[in-house]
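Notes for the one structure printed next.
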Amino acid sequence: MFIGELSRRTGVSTRSLRYYEQQGLLRPQRRASGYREFDDSDVTVVRRVRILLAAGLNTDLIREVLPCMTDEGAVLAPICEEMADGLRRERDRLTSSIEQLQAAHALLGSIIHAGEAISAEAGRNGQ
DNA sequence: ATTCTCACA
DNA sequence: TGTGAGCA
């Protein structure tokens, strides 16, 4: 099938599909016309890519882990050890990001409250 | 009608 | 990633 059909069957824009190819996530054949030729298996590949993308993985990691995935329905399951390892590292990165955001969130909150306290005091002093 | 590449008011 | 241009 050509890119248009794959796009319709996956709900992913042709723009994204070409981008995925650039990132090495899809390797369609090429017709003499230059048109990309995808096969049915690419439909499931695209679905997996979307899931991994939604999980916050970048295309580099997806490229590595993609060949080690199984389509257990709507859920993706790891098959190789290398993959589970890469995923664990990604999960740790997320944990770190979450902690930094929580710290920033708490700090911002304290600054806001400090400002409110000052305003309240100014009010009591008839300012 | 479709896809392709390239570039960005 | 979207979008439009100019081709094939």
Side-chain angles (χ1 to χ4, degrees):
Chain A
M1 74 186 92
F2 292 137
I3 199 169
E5 186 180 343
L6 181 61
S7 176
R8 280 184 288 94
R9 290 172 53 172
T10 59
V12 175
S13 69
T14 59
R15 175 73 170 81
S16 295
L17 258 15
R18 294 192 182 96
Y19 176 68
Y20 295 165
E21 180 195 30
Q22 267 189 266
Q23 299 306 297
L25 273 27
L26 248 26
R27 351 195 47 96
Q29 297 284 298
R30 287 283 186 149
R31 281 307 239 316
S33 62
Y35 284 21
R36 273 163 270 246
E37 178 106 323
F38 301 88
D39 45 76
D40 302 309
S41 65
D42 288 322
V43 174
T44 82
V45 171
V46 172
R47 290 188 177 136
R48 293 175 183 174
V49 168
R50 298 298 292 195
I51 292 176
L52 264 10
L53 242 23
L57 306 203
N58 57 30
T59 54
D60 292 311
L61 182 55
I62 293 178
R63 192 185 314 115
E64 298 175 18
V65 90
L66 204 51
C68 300
M69 299 291 264
T70 295
D71 225 28
E72 308 298 333
V75 187
L76 242 37
I79 291 181
C80 321
E81 285 304 321
E82 310 81 77
M83 172 191 182
D85 189 61
L87 256 30
R88 262 188 275 282
R89 270 185 269 151
E90 182 58 28
R91 187 201 19 15
D92 292 341
R93 264 196 288 284
L94 286 180
T95 298
S96 164
S97 294
I98 290 171
E99 291 173 343
Q100 296 194 317
L101 283 176
Q102 292 181 316
H105 182 278
L107 180 55
L108 188 53
S110 68
I111 291 175
I112 290 173
H113 289 322
E116 294 173 336
I118 291 177
S119 295
E121 184 181 337
R124 284 195 300 282
N125 295 327
Q127 302 288 305

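Numbers restart at 1 for each chain; the letters A, B, ... are given by sequence-line order, proteins then strands. Worth saying up front: this structure is predicted, and the values here are computed from it rather than measured. All values below come from the heavy atoms of this structure, side chains included, with hydrogens, waters and symmetry mates left out.
The closest donor-acceptor contact from the side chain of Asn125(A) to the backbone of Ala122(A) lies at 3.5 Å or more, if one exists at all. In this structure a side-chain-to-backbone donor-acceptor pair under 3.5 Å is missing from Ser7(A) to Ile3(A).
The side chain of Arg18(A) contributes no N or O atom lying less than 4.0 Å from OP1 or OP2 of dT3(C). Proximity of Ser16(A) to the phosphate of dT1(C): a side-chain N or O atom is located under 4.0 Å from OP1 or OP2.
Rounded to whole Å, the distance from CG on Leu25(A) to P on dT1(C) is 11 Å. When rounded to the nearest whole Å, the span between CG of Leu17(A) and P of dT1(C) equals 10 Å. Summarising the geometry, the separation between CD on Gln22(A) and C1' on dC6(B) is reported as 11 Å, rounded to the nearest angstrom. One interatomic measurement links the two molecules: CD of Glu21(A) to P of dC4(B), which rounds to 8 Å at whole-angstrom precision. Taking atom CD1 of residue Ile3(A) and atom P of nucleotide dG2(C), one finds them 11 Å apart after rounding to whole Å. Here dC6(B) presents its P atom at 16 Å from OH of Tyr19(A), a figure rounded to the nearest Å. In this entry the distance linking CD of Gln23(A) with C1' of dT1(C) reads 12 Å, nearest Å. Rounded to an integer number of Å, the gap from Arg31(A) CZ to dT2(B) C1' is 13 Å.
Judged by atom type and distance alone, Arg15(A) reaches the base of dT3(C) through a side-chain donor-acceptor pair under 3.5 Å.
Contact annotation for Ser33(A): no contact, since no heavy-atom pair falls under 4.0 Å across all strands. Looking at heavy-atom distances under 4.0 Å, Arg30(A) makes contact with sugar-phosphate atoms alone, never a base.
Residues Thr59(A) and Tyr19(A) form a side-chain contact, since some pair of their non-hydrogen atoms from C-beta on lies under 4.5 Å apart. Using a 4.5 Å heavy-atom threshold, the side chains of Val45(A) and Leu25(A) count as separate.
With a cut-off of 3.5 Å on both pairing distances, the Watson-Crick or G-U wobble partner of dA5(C) is dT5(B).
The side chain of Tyr20(A) lies closest to dT1(C) when the candidates are dG2(C), dT1(C), dT3(B).
Each of Leu53(A) and Tyr35(A) was matched to the nucleotide of DNA chain C holding its nearest heavy atom; the match closer to the 5' end belongs to Leu53(A).
Under 4.0 Å is where a charged nitrogen must lie from a carboxylate oxygen, and between Arg88(A) and Asp92(A) no such pair does.
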